[in-house]
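A note on names: the letters A, B, ... follow the listed sequences, proteins ahead of strands, and every chain is numbered from 1. FYI, side chains are in, hydrogens and waters are out, and symmetry mates aren't considered; it's all heavy atoms of this structure.
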2 protein chains.
Amino acid sequence: MAQNDPATLDSVAARAGVSRQTVSNVLRHPTRVADATRDRVLDAIRESGYRPSLPARQLATRRAHAIAVRAERQQDGISGLVLDAFYHGLAEAGQHNGLRVLLYPQPEDEAAEVATIDELVHTGAADAVVLTATSADDERPAHLRDNGTTFCAFGRPWGHDDAPHDWVDVDGAVGTSLAVRHLLDSGRRSIAYLGWPGDGAEPSTGSDRRRGWLEVVGHAALGAPVEAHSLNDAAAAQAAVAELLGRPDAPDAIVCASDTLALGAHRAALAAAGAGAPVTVVGFDATPVAAALGLASVAQPIDQVAHLCIDLLTGRFETPDRPARGLLVPPVLRLPS
Amino acid sequence: MAQNDPATLDSVAARAGVSRQTVSNVLRHPTRVADATRDRVLDAIRESGYRPSLPARQLATRRAHAIAVRAERQQDGISGLVLDAFYHGLAEAGQHNGLRVLLYPQPEDEAAEVATIDELVHTGAADAVVLTATSADDERPAHLRDNGTTFCAFGRPWGHDDAPHDWVDVDGAVGTSLAVRHLLDSGRRSIAYLGWPGDGAEPSTGSDRRRGWLEVVGHAALGAPVEAHSLNDAAAAQAAVAELLGRPDAPDAIVCASDTLALGAHRAALAAAGAGAPVTVVGFDATPVAAALGLASVAQPIDQVAHLCIDLLTGRFETPDRPARGLLVPPVLRLPS
DNA sequence: CTCAAATGTTTGAGCGCTCAAACCGTAACG
DNA sequence: CGTTACGGTTTGAGCGCTCAAACATTTGAG
């Protein structure tokens, strides 16, 4: 099948009795080539086991046909899973679009990361970047914009609604509102929220998730909304919820901003199981932990997010000047099986 | 700083008043260049903001300076974390060695995966592959060997001890033996094992972990070893352990082959807490779940594994014919904080 | 029957780098 | 004082591809 030396455009051309460029056209612009010629060339390609050389193409087109994404340093924890799925989604969607996915190790800080990305882009290793874990005080988007680097963020430009860059995010408010509705439907009357510190104030992932809860709970008019806050740590969450359950207005359900918090809440609920009615806990991220504990949890459609990121990027490659676009996708509530 | 057009070897050379090749030498073979010249060239590089073009280098050297690794499709679960850490480790170790890490989406089956890898390598996108999740009946190593593809596996060639390829793995037996010793030290007398079905027979990750337990337990001569088996599912594990704890020879500690199993065991132990002494559970993989539940768990030194994989690969790039090498690294027991 | 417009194919140049070989001084040696 | 040797530098060629322009053919209109 394959020759001794790997086949090239020229060797295939010779074999098919056409010119180099015609072979190239068969591959990249099939319509430009006459049917008979194309078949002949395709045969020659098959017989010789030809594979186009990526580096050569990159050199000629000045496109890397690759995007870069950060390989997160050791995660805090439970939602690490989500990133795994995101990587897979990117790789898959990228493959469909002729984009390879490059991993770069998370640098010390944001400045170093911008430098890393700059390096990647300017050496021609990648055409663009997908930014993950964006936050309100994130300096990366602005720097990348200044650099003229193409990128798409997974995560809204919190607090910078005018930020002229592409992004995709999951609608956390919809997620928590789904959770509350589900709990109302199953007869819960007093639904508390367990979030992170500072959830109320600045726009953030946390405040977004809290808002969804508050809207539905407020709408249902079930008395004053009850909430607690804790760092994203199961033990801390457990303590916070234990306190909550000791109060006179103890809730009969808790919507949590993460599965880590949900785990803590679940343990507190178990501990308090003796006294009072059972408390239902709903998590966020639908990690295996929630599944294992038999908790409902809000599932982010990570795969969809990844595909949309790729869509936005490929779109921008084609039309560099089109206005920035932000896409908000709804999560779903995953019930315990 | 940077010019309008990106700087090239030639533009830098012109600026420094030397030839193209001298600039190249400054970068790749600094010793070949006279000190004065080198300084002049380095200045020119700095002033022009020159970045070497990766594609051009790849084309000329026929090396991609990249390795590929599979982006796992949705994980069963809890140990997804481990992969995240592995990706980061690879990216980091790769960066130190001038290797970029490429992600390819997990294909349908092993045959398709081999084809994908073949594609990656023959188009010059990657020089080598890191194989993950190897098992006894894995066809990938043999195929890759036949293809002449350079690779390194994370995972032993179970049942193919003669397999002439590079690999790195974590010594599971050492892990479980550490767990047992720790339990003995803390006064446990009857230490059971919770593994996966078929752990006893063929060489596998499971049988390896079981062996470590059996050796130490047998050595301590504490009566007939007790064990249970279950699919890697928390609910199934819970049922299996519940049964175990109901027996007359119920253990006072359980070493598990995974954190998923440990989660199940933990829940069964909690449920049985009323009757008899408390049961201590030890997991495997040191996922956040184990940490959250307050369980000790065996931690795989994933970062080290990743670095060793890169070491083996870079070594092989330099000496393609050196004999295959297998590296076994010991895990550590991570106690609950 | 001529000329222009399609259609299909080839040619030339160049992307930015590295390799190998050639080159050029100068120092060391006989 | 010629010859060799050597550190330092340049030259030529080529990696495998794509672009734009040039070149043949064929076709259809006038």
Does C:dT9 have OP1 or OP2 under 4.0 Å away from a side-chain N or O of A:T37?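 It does, given that an N or O in the side chain of A:T37 lies less than 4.0 Å from OP1 or OP2 of C:dT9.
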Assess, by modelled atom type and distance only, whether the side chains of B:E113 and B:Y104 contain a donor and an acceptor separated by less than 3.5 Å.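 The answer is yes; a qualifying pair exists.
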What bend angle does the helix from C:dC1-D:dG30 to C:dG30-D:dC1 show across its length, from five-pair end axes and to the nearest 10 degrees?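 Rounded value for the end-axis angle: 50°.
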Can you run down the salt bridge (Lys or Arg N to Asp or Glu O under 4.0 Å) pairs that involve residues 22-39 of chain A, sequence neighbours left out, and say none if there aren't any?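 Passing the test, one end in residues 22-39 of chain A: A:D35-A:R38.
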Using atom types as modelled, flag every donor-acceptor pair under 3.5 Å from a side chain in residues 302-310 of chain A to any protein atom, sequence neighbours excluded.
from	atom 1	to	atom 2	distance (Å)
A:H307	ND1	A:D303	O	2.9

Identify each donor-acceptor pair in which a side-chain atom of residues 50-58 of chain B lies under 3.5 Å from a protein atom, sequence neighbours left out, and give them as a table.
from	atom 1	to	atom 2	distance (Å)
B:R51	NH1	A:E119	OE1	2.6
B:R51	NH2	A:D118	OD2	2.8
B:S53	OG	B:A56	N	3.2
B:Q58	OE1	B:R100	NH2	3.4

B:T319 side chain to B:R316 backbone, donor-acceptor under 3.5 Å: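 Looks like no, no N/O pair under 3.5 Å.
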Main chain of A:A71, side chain of A:Q106: is a donor-acceptor contact present, judged purely on distance under 3.5 Å?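 Between the backbone of A:A71 and the side chain of A:Q106 there is no qualifying donor-acceptor contact (under 3.5 Å).
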At under 4.0 Å between heavy atoms, which parts of nucleotides 10-26 of chain C does protein reach? Answer with one letter per nucleotide, 5' to 3': B base, S sugar-phosphate only, - none. BBBB-BBBBB-------
Full working for side chain to side chain contact (heavy atoms under 4.5 Å, CB included) between B:V69 and B:L102: CA-CA 6 Å; B:V69 62; B:L102 218 61; over 6 Å; no
So, using salt bridge (Lys or Arg N to Asp or Glu O under 4.0 Å) as the criterion, who are the partners of A:R322 when residues are at least two apart?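 Result, salt bridge (Lys or Arg N to Asp or Glu O under 4.0 Å) vs A:R322: A:D166.
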Given atom CZ of A:R40 and atom C1' of C:dT9, what is their separation to the nearest angstrom?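 Going from CZ in A:R40 over to C1' in C:dT9 covers 11 Å.
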